[in-house]
Amino acid sequence: MEYKNYNPRQAALDAARNLLVQAAGAAVADGSLPEAALPDFIVEIPADVKNGDVASNIAMAGARTFRKAPRQIAEAITAKLNLEGSLFARAEIAGPGFINLFLGQEWFTDVVRAAVADAEYGRTDAGKGKKYNVEFVSANPTGPMHMGNARGGALGDGVAACLDWAGYDVTREFYINDAGNQIEKFGKSLAIRYLQLYKGEDACPLPAECYQGADIVQRAKEFAGIHGDAYVEKDFEELKKAIVADALPKNIAGLQRDLGKYRIQYDVWFHESDLHNSGAVKAVVDKLLEIGACYKAEDGAIMYRSAQYAAKYGVANKKKTDDGSEEEAKDEVLVRANGIPTYFAADIAYHYNKLAVRGFDKSIDVWGADHHGHVARMKGAMDAIGLDGDRLDIVLMQMVNLMRDGKPVRMSKRTGKAITLTDLLDEVPIDSARFFFNQRESSSTLDFDLDLAVRNDSENPVYYVQYAHARICSILKKLESEGVKFGGVEGVDASVLTDASEQALIRLLAAFPAEIVAAAEKYDPARITRFCIDVATAFHRFYNSCRILDAEGAVQQGRIALCLAVRSVIYNILTMFKVSVPETM
């Protein structure tokens with residue numbers, strides 16, 4: 001059997017549906033059921049499989065259509081169920097007419113064989129033919145990355161990994177905000193810090209609205225190291241332009257370096273400045289003007305009818321202000337009276353580029369929860385410009401609380417300043433950072449326990465799953481040293497694996513591809529880290545219940561195969577999230 005893209009749960013659901021449709025058709029053909037179109041019905045895997053591996057409501061759904069009691073319909077259908085050669089061993093009727101199907105041992109055998117034979121077990125082709133863009137972090141290149149970027153990096157990379165494993169064509173992207181107000185402020189801050197080196201702080205005070213960080217002073221000193229005092233007497237705008245040209249590429253290179261250390265590699269680094277320089281921002285504004293989504297105000301500014309288009313996405317005539325009160329939603333400026341486009345205009349042009357120019361089926365952005373008010377505006381803007389706003393999905397991410405000794409930590413011991421991504425990675429293992437940030441749904445505030453992240457025991461969840469993998473490697477080496485060899489997947493027979501812990505572990509492994517698909521659809525990589533912990537727990541339970549070295553024949557071979565299957569699943573999950581997978585611990 002070919003196991004590439006094999007999804008055991010989906011295979012069982014599809015097989016059950018086909019069997020039920022055929023049986024219902026046969027019941028109609030022999031008069032057991034009246035002639036009628038088959039209604040929509042549900043086939044699902046119940047939470048408790050004691051009463052069946054797959055359950056269906058086909059009999060209840062058909063009560064009105066067939067004009068019979070559900071129990072009678074269920075009896076007519078099950079009488080025609082032909083399970084010979086299928087994945088199922090038997091069927092039962094439960095309650096008012098539920099039809100429950102019980103999987104045969106061949107299905108359990110296929111699960112184990114697939115997880116051992118296919119090195120990429122878990123991958124499916126559910127997203128085949130769909131092209132998705134995942135944009136995440138996109139920190140302003142004017143300073144260091146903070147804790148939100150640390151969580152956003154792990155989350156965005158995890159979302160992209162789940163989509164990739166679910167069969168989507170995924171592009172990871174970083175949007176470099178190298179234009180607009182923040183770059184203007186960046187240049188002003190740098191220029192003043194440069195002048196202070198020669199004229200003193202009293203002669204050139206730094207305004208409160210400028211960037212105050214030590215990184216700005218450092219970049220100014222580097223510029224002075226190259227040019228000396230050559231720019232002290234030059235025009236301030238010329239100085240700003242020159243010092244930004246020197247500092248900005250260094251900051252961008254720093255972002256790339258730090259994210260690389262965090263094991264994040266982007267396919268595309270997209271510059272906002274390219275949108276302005278190419279005329280793409282102007283073209284989008286002109287298009288919005290042409291279709292009436294924008295208009296020119298008396299002062300010459302170009303205004304966008306924001307509330308009109310955002311209403312579809314939950315924002316009608318009112319919007320929240322910073323103090324929590326409501327005010328009437330107003331039209332928004334896209335181009336100022338001085339002719340300079342706003343950030344919103346560039347943002348519309350950027351997403352138009354992703355969806356219309358580059359042709360992504362979906363654009364997925366990972367944003368901090370403080371940007372929630374911008375979601376409806378952006379989705380509405382996509383509608384306004386002739387695209388479908390539902391092709392833009394936003395993953396909103398709540399804040400991170402760093403904890404030590406049960407208390408919040410906000411400052412770095414080393415610098416005395418707010419903890420940055422690099423501070424965090426200097427303090428905790430990258431494995432812990434990447435795993436911990438993907439343990440909770442993005443919509444939940446995350447308490448990151450710095451003490452737990454450095455512990456080398458089972459209390460640390462990443463250590464716990466890594467240890468399960470290393471333990472399996474150790475077991476296999478022990479077996480090899482005793483002369484026990486694995487005979488290959490073709491000889492595996494799961495029917496001999498009858499212990500409850502074995503059955504539970506196989507069922508769990510079977511769920512892996514379906515969990516990947518669900519995590520991709522919901523943009524929720526935390527689903528997979530939790531699943532990995534469950535697999536490790538189920539493996540330890542199996543190992544404590546079932547002897548391997550002392551087992552004989554097919555039972556021993558089946559248990560070795562089960563160890564190999566678990567090792568493969570844990571390995572695939574950890575490598576998905578770019579967490580190391582040690583063979584000894």
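Along the sequence shown, residues carry numbers from 1. Quick caveat, the model's predicted, so the values are computed rather than measured.
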Derivation of the side-chain contact (heavy atoms from CB on, under 4.5 Å) call for D451 and E459 = CA-CA 11 Å; D451 299 314; E459 292 298 311; over 6 Å; no
Is the NZ atom of K4 crowded by more than 12 outside heavy atoms at less than 6.0 Å?
-> no
Taking it one step at a time, do R123 and D164 satisfy salt bridge (charged side-chain N to carboxylate O under 4.0 Å, His left out)?
-> CA-CA 8 Å; R123 278 195 182 275; D164 173 45; 3.2 Å; yes
N133: which of H351, E173, K362 passes side-chain hydrogen bond (donor to acceptor under 3.5 Å, both in side chains) | E173
So which pairs with a foot in residues 564-576 pass salt bridge (charged side-chain N to carboxylate O under 4.0 Å, His left out), sequence neighbours left out?
-> none
Just wondering, do L163 and I364 contact through their side chains at under 4.5 Å, heavy atoms?
-> yes
Here the gap from H469 atom NE2 to C532 atom SG, rounded to the nearest 0.5 Å, amounts to 10.0 Å
Measure up the Y168 and Y132 rings against each other and bin them: parallel (under 30°), tilted (30 to 60°), perpendicular (over 60°).
-> tilted
Side-chain touch P461/F435, heavy atoms, less than 4.5 angstrom = yes
Do other residues, nucleotides or ligands put more than 12 heavy atoms under 6.0 Å from K128 NZ?
-> no
Start with the C-alpha gap between Y121 and Y6, add the side-chain angles, then the distance that decides, and say whether ring pair (Phe, Tyr, Trp, His ring centres under 6.0 Å) holds.
-> CA-CA 7 Å; Y121 175 70; Y6 177 53; 7.1 Å; no
May I ask you to say whether R541 pairs ionically with D499, meaning some side-chain N is under 4.0 Å from a carboxylate O?
-> no
H374 and its side-chain hydrogen bond (donor to acceptor under 3.5 Å, both in side chains) partner, picked from H372, H371, R377 = R377
E209, CD atom: more than 12 neighbouring heavy atoms under 6.0 Å | yes
Just do the side-chain hydrogen bond (donor to acceptor under 3.5 Å, both in side chains) check on S580 and D431 with the steps written out, would you?
-> CA-CA 7 Å; S580 62; D431 287 345; 2.3 Å; yes
Whether F539 and Y543 hold their rings parallel, tilted or perpendicular, with breakpoints at 30° and 60° | parallel
4.5 Å side-chain heavy-atom contact, R391 and D361 = no
For V217, does its backbone N or O pair with a side-chain atom of R193 as donor and acceptor, under 3.5 Å?
-> no
Output yes when D405 and K407 qualify as a salt bridge under the 4.0 Å nitrogen-oxygen rule, no when they do not.
-> no
Side-chain donor-acceptor pair present, D534, T537, cut-off under 3.5 Å | no
I would like to know whether T584 and K477 meet side-chain contact (heavy atoms from CB on, under 4.5 Å); could you show each step before the answer?
-> CA-CA 11 Å; T584 57; K477 285 179 182 176; 4.1 Å; yes
Taking the side chain from Q556 and the backbone from I548, do they hold a donor-acceptor pair closer than 3.5 Å?
-> yes
OG/S444 to CD/Q398 distance, rounded to the nearest 0.5 angstrom?
-> 8.0 Å
Taking the six-membered ring for Trp, are F270 and Y175 parallel (under 30°), tilted (30 to 60°) or perpendicular (over 60°)?
-> tilted
Verify, without hydrogens or angle tests, whether K578 (side chain) and R263 (backbone) share a donor-acceptor contact under 3.5 angstrom.
-> yes
Within-4.5 Å side-chain heavy-atom neighbours: I475 and K478 = no
State which residues pass ring-ring contact (aromatic ring centres under 6.0 Å, His included) with Y523; sequence neighbours excluded, sorted by chain then number.
-> none
Using a strict 4.0 Å threshold on nitrogen-to-oxygen distance, state whether R527 and E521 make a salt bridge.
-> no
Sort and list the pairs that fulfil salt bridge (charged side-chain N to carboxylate O under 4.0 Å, His left out) and have at least one residue in residues 460-469, not counting sequence neighbours.
-> none
Step by step, work out the side-chain contact (heavy atoms from CB on, under 4.5 Å) result for R455 and Y463.
-> CA-CA 8 Å; R455 284 178 63 170; Y463 181 94; over 6 Å; no
Check the side chains of Y3 and D110 for a donor-acceptor pair under 3.5 angstrom, ignoring hydrogens and angles.
-> yes
Quick one: do the T529 and N438 side chains pair a donor with an acceptor below 3.5 Å?
-> no
Would you please test I560 and Q557 for side-chain contact (heavy atoms from CB on, under 4.5 Å) and show each step?
-> CA-CA 5 Å; I560 293 172; Q557 287 294 302; 4.1 Å; yes
From F186 CZ over to D178 CG, what is the distance, rounded to the nearest 0.5 angstrom?
-> 11.0 Å
Straight-line distance of D449 CG to L402 CG, nearest 0.5 Å | 10.0 Å
Greater than 12 external heavy atoms within 6.0 Å of E480's CD | no
Could you note down all residue pairs passing salt bridge (charged side-chain N to carboxylate O under 4.0 Å, His left out) where residues 460-472 supplies at least one of them, sequence neighbours left out?
-> none
Quick one: side chain to side chain donor-acceptor pair (under 3.5 Å) partners of R559, sequence neighbours excluded?
-> E502
Taking all non-hydrogen atoms of both residues into account, name the closest pair between Y262 and A150 and its distance.
-> OH-O, 2.7 Å
Just list the side-chain donor-acceptor pairs under 3.5 Å for residues 252-259, sequence neighbours left out, or say none.
none

Does the ring center of F136 lie less than 6.0 Å from the ring center of Y266?
-> yes
Report the distance from atom NZ of K221 to atom CG of L190, rounding to the nearest 0.5 Å.
-> 13.5 Å
Taking 4.0 angstrom as the limit, do D157 and R172 come out as a salt bridge?
-> yes
How about Q182 and N177: does a side-chain donor come under 3.5 Å of a side-chain acceptor?
-> no
Find out whether D393 and K379 are in side-chain contact, i.e. whether some heavy atom of one side chain is under 4.5 Å from a heavy atom of the other.
-> yes
Which distance, rounded to the nearest 0.5 Å, do you find between the CD of E135 and the CG of D365?
-> 4.5 Å
